[in-house]
Amino acid sequence: MFRKSVLAIAVSVMTLFSLSGSAWASAGKPVTVTLFAAKSLNSVMEELIPAYEKTHPGVKIVGSYDSSGTLMQQIEEGAAADLFFSAAQKQMNELEEKGFVVDGTRADVVNNQVCVVTYKNSGTSVTGLKDIAKAANLALADGSVPVGKYTRQALVNADLLPDYVAAKEKEGVKKEDIDASLITTEEVSEALGGIEINECANVGAVTAAVAEGSNEVGTVYRSDLYGHEKELEILEIVPYDLTGNVIYPVAQIVNPEADEAEAAAAKAFAEYLTTDEAKAVFEKYLFDTDV
């Protein structure tokens with residue numbers, strides 16, 4: 001009888017450890033998952049997270065939003081994150097190469113498109129990327145920020161930075177091998193005839209600068225137009241053949257501070273982000289789920 005009791009207890013313990021994060025939480029232990037996500041995901045996650053928490057009682061998802069480059073750096077410096085949802089592959093690739101990503105958990109979730117925008121009734125003569133230099137000033141994210149990198153890539157591919165490309169080719173760097181993230185704001189300004197550029201720390205800052213009329217034009221993601229339809233107007237949706245795909249990957253991050261239940265809950269939430277239910281919400285917020 002004693003041996004049977006011990007066996008029953010052992011089985012119960014093993015079952016408890018095999019529970020998903022939500023099941024663990026329902027068993028009495030609340031679970032918190034820390035999500036580091038790109039600033040452009042802020043609005044959509046504010047809908048997705050409560051919806052997920054409603055069906056997974058006891059699981060709390062805490063979001064921290066900034067540029068993907070800033071979040072990547074924080075993770076590299078030891079920030080306790082369970083998940084990273086990046087606005088570009090570059091930052092995720094770097095973390096994966098350095099061993100910060102849990103093997104087998106990375107997935108591409110959505111695509112996005114860069115847009116040239118202005119504020120409503122601005123009267124701008126700019127029609128898009130090709131004549132963006134006509135603007136009195138431009139809000140542009142830093143090259144370490146994915147939307148800033150993609151904008152610079154589009155300028156290179158649209159032959160709007162010919163002197164920069166020529167200089168790189170003289171150094172032996174082919175046009176297709178140029179790392180657009182390294183093109184400085186000053187170099188962009190010079191190539192565009194000395195246009196005044198407001199260098200922004202993330203895409204949210206670009207969106208705000210244009211929406212409030214501080215800058216005549218700016219480049220943001222199409223998803224950033226959600227909720228700003230009354231303040232912003234799209235001048236051009238920049239095609240993928242200029243920017244390349246704007247893929248947002250998610251992955252579980254190695255977090256020594258997380259226990260088994262928290263790790264399980266993080267993995268479950270990452271998997272939820274690729275479901276049809278989540279895709280419907282992403283599409284509502286103008287993301288492209290065809291990845």
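Side chains included, hydrogens not; waters and symmetry mates left out as well; all remaining heavy atoms used.
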Mind listing the side-chain donor-acceptor pairs of residues 239-251 below 3.5 Å, one per line with the distance, residues two or more places apart or on another chain?
{"from": "Tyr240", "atom 1": "OH", "to": "Asn112", "atom 2": "O", "distance (Å)": "3.1"}
{"from": "Tyr240", "atom 1": "OH", "to": "Asp288", "atom 2": "OD2", "distance (Å)": "3.4"}
{"from": "Asn245", "atom 1": "OD1", "to": "Asn111", "atom 2": "ND2", "distance (Å)": "3.2"}
{"from": "Tyr248", "atom 1": "OH", "to": "Ser40", "atom 2": "OG", "distance (Å)": "2.8"}
{"from": "Tyr248", "atom 1": "OH", "to": "Asn112", "atom 2": "ND2", "distance (Å)": "3.1"}

Quiz item: Would a 4.5 Å heavy-atom cut-off, applied to side chains only, mark Leu232 and Lys120 as touching?
Solution: no

Quiz item: Under 4.5 Å between any side-chain heavy atoms of Gln91 and Leu95, yes or no?
Solution: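 SC-SC contact between Gln91 and Leu95 ruled out.
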
Exercise. From the options Asp163, Leu182, Val156, Val173, select the one residue that forms a side-chain contact (heavy atoms from CB on, under 4.5 Å) with Lys168.
Key: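 Exactly one pass, corresponding to Val173.
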
Quiz item: Looking at Thr127, Val217, Ile132, Thr219, which one forms a side-chain contact (heavy atoms from CB on, under 4.5 Å) with Leu235?
Solution: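 So, applying the side-chain contact (heavy atoms from CB on, under 4.5 Å) to Leu235 and each of Thr127, Val217, Ile132, Thr219, only Val217 qualifies.
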
Less than 4.0 Å between a side-chain N and a carboxylate O, is that true for [Y] and [X]?
X	Y	result
Glu271	Lys267	yes
Glu76	Lys98	yes
Glu47	Lys284	yes

Quiz item: Is the backbone N or O of Tyr221 less than 3.5 Å from a side-chain atom of Asp224, with the two atoms forming a donor-acceptor pair by type?
Solution: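 A pair under 3.5 Å: yes.
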
Quiz item: Between Asp82 and Val33, is there a donor-acceptor pair closer than 3.5 Å when you use the side chain of the first and the backbone of the second?
Solution: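 No, the answer is negative, given that no donor and acceptor are paired below the 3.5 Å cut-off.
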
Taking distance alone, no hydrogens or angles, what donor-acceptor pairs closer than 3.5 Å link side-chain atoms of residues 99-110 to residues at least two apart or in another chain?
{"from": "Thr105", "atom 1": "OG1", "to": "Val102", "atom 2": "O", "distance (Å)": "2.7"}
{"from": "Thr105", "atom 1": "OG1", "to": "Gln252", "atom 2": "N", "distance (Å)": "3.1"}
{"from": "Arg106", "atom 1": "NH1", "to": "Asn93", "atom 2": "OD1", "distance (Å)": "2.9"}
{"from": "Arg106", "atom 1": "NH1", "to": "Glu96", "atom 2": "OE1", "distance (Å)": "2.6"}
{"from": "Arg106", "atom 1": "NH2", "to": "Gln89", "atom 2": "OE1", "distance (Å)": "2.5"}
{"from": "Arg106", "atom 1": "NH2", "to": "Asn93", "atom 2": "OD1", "distance (Å)": "2.8"}
{"from": "Asp108", "atom 1": "OD1", "to": "Gln89", "atom 2": "NE2", "distance (Å)": "3.3"}

Quiz item: So, Glu233 versus Thr118: side-chain donor-acceptor pair below 3.5 Å or not?
Solution: no

Quiz item: Distance only, no hydrogens: is a donor on one side chain within 3.5 Å (strictly under) of an acceptor on the other, for Ser181 and Lys90?
Solution: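 Per modelled atom types, Ser181 and Lys90 side chains form a pair under 3.5 Å.
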
Practice problem: Locate the shortest heavy-atom distance separating Leu160 from Leu129; write the atom from each residue and the value. | Solution: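 Looks like CD1-O, 3.4 Å.
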
Exercise. Give a yes or no on whether Phe269 and Met92 share a hydrophobic cluster (residues Ile, Leu, Val, Met, Phe, Trp, Tyr; joining criterion: side-chain heavy atoms under 4.5 Å apart).
Key: no

Exercise. Following the transitive rule for hydrophobic clusters with a side-chain heavy-atom cut-off under 4.5 Å over Ile, Leu, Val, Met, Phe, Trp and Tyr, establish whether Phe287 and Ile234 coincide in one cluster.
Key: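 Phe287 and Ile234: one cluster.
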
Quiz prompt | Test log, rule side chain to side chain donor-acceptor pair (under 3.5 Å), inputs Glu199 and Thr185 | solution = CA-CA 7 Å; Glu199 183 179 275; Thr185 297; 2.4 Å; yes

Quiz item: When you look at Asp159 and Lys130, which way does the salt bridge (Lys or Arg N to Asp or Glu O under 4.0 Å) test go after all the steps?
Solution: CA-CA 9 Å; Asp159 297 322; Lys130 65 181 179 181; over 6 Å; no

Quiz item: Which residues pass the ring-ring contact (aromatic ring centres under 6.0 Å, His included) test with Tyr164, sequence neighbours left out?
Solution: none

Practice problem: Let me see the working for Ser214 and Glu212 under side chain to side chain donor-acceptor pair (under 3.5 Å), right down to the final yes or no. | Solution: CA-CA 6 Å; Ser214 297; Glu212 67 189 18; 2.8 Å; yes

Practice problem: Applying ring pair (Phe, Tyr, Trp, His ring centres under 6.0 Å), run through Phe84 and Phe36 and close with a yes or a no. | Solution: CA-CA 5 Å; Phe84 180 43; Phe36 277 21; 7.6 Å; no

Quiz item: Can you check side chain to side chain donor-acceptor pair (under 3.5 Å) on Glu187 and Thr184, steps first, answer last?
Solution: CA-CA 5 Å; Glu187 288 168 331; Thr184 68; 3.2 Å; yes

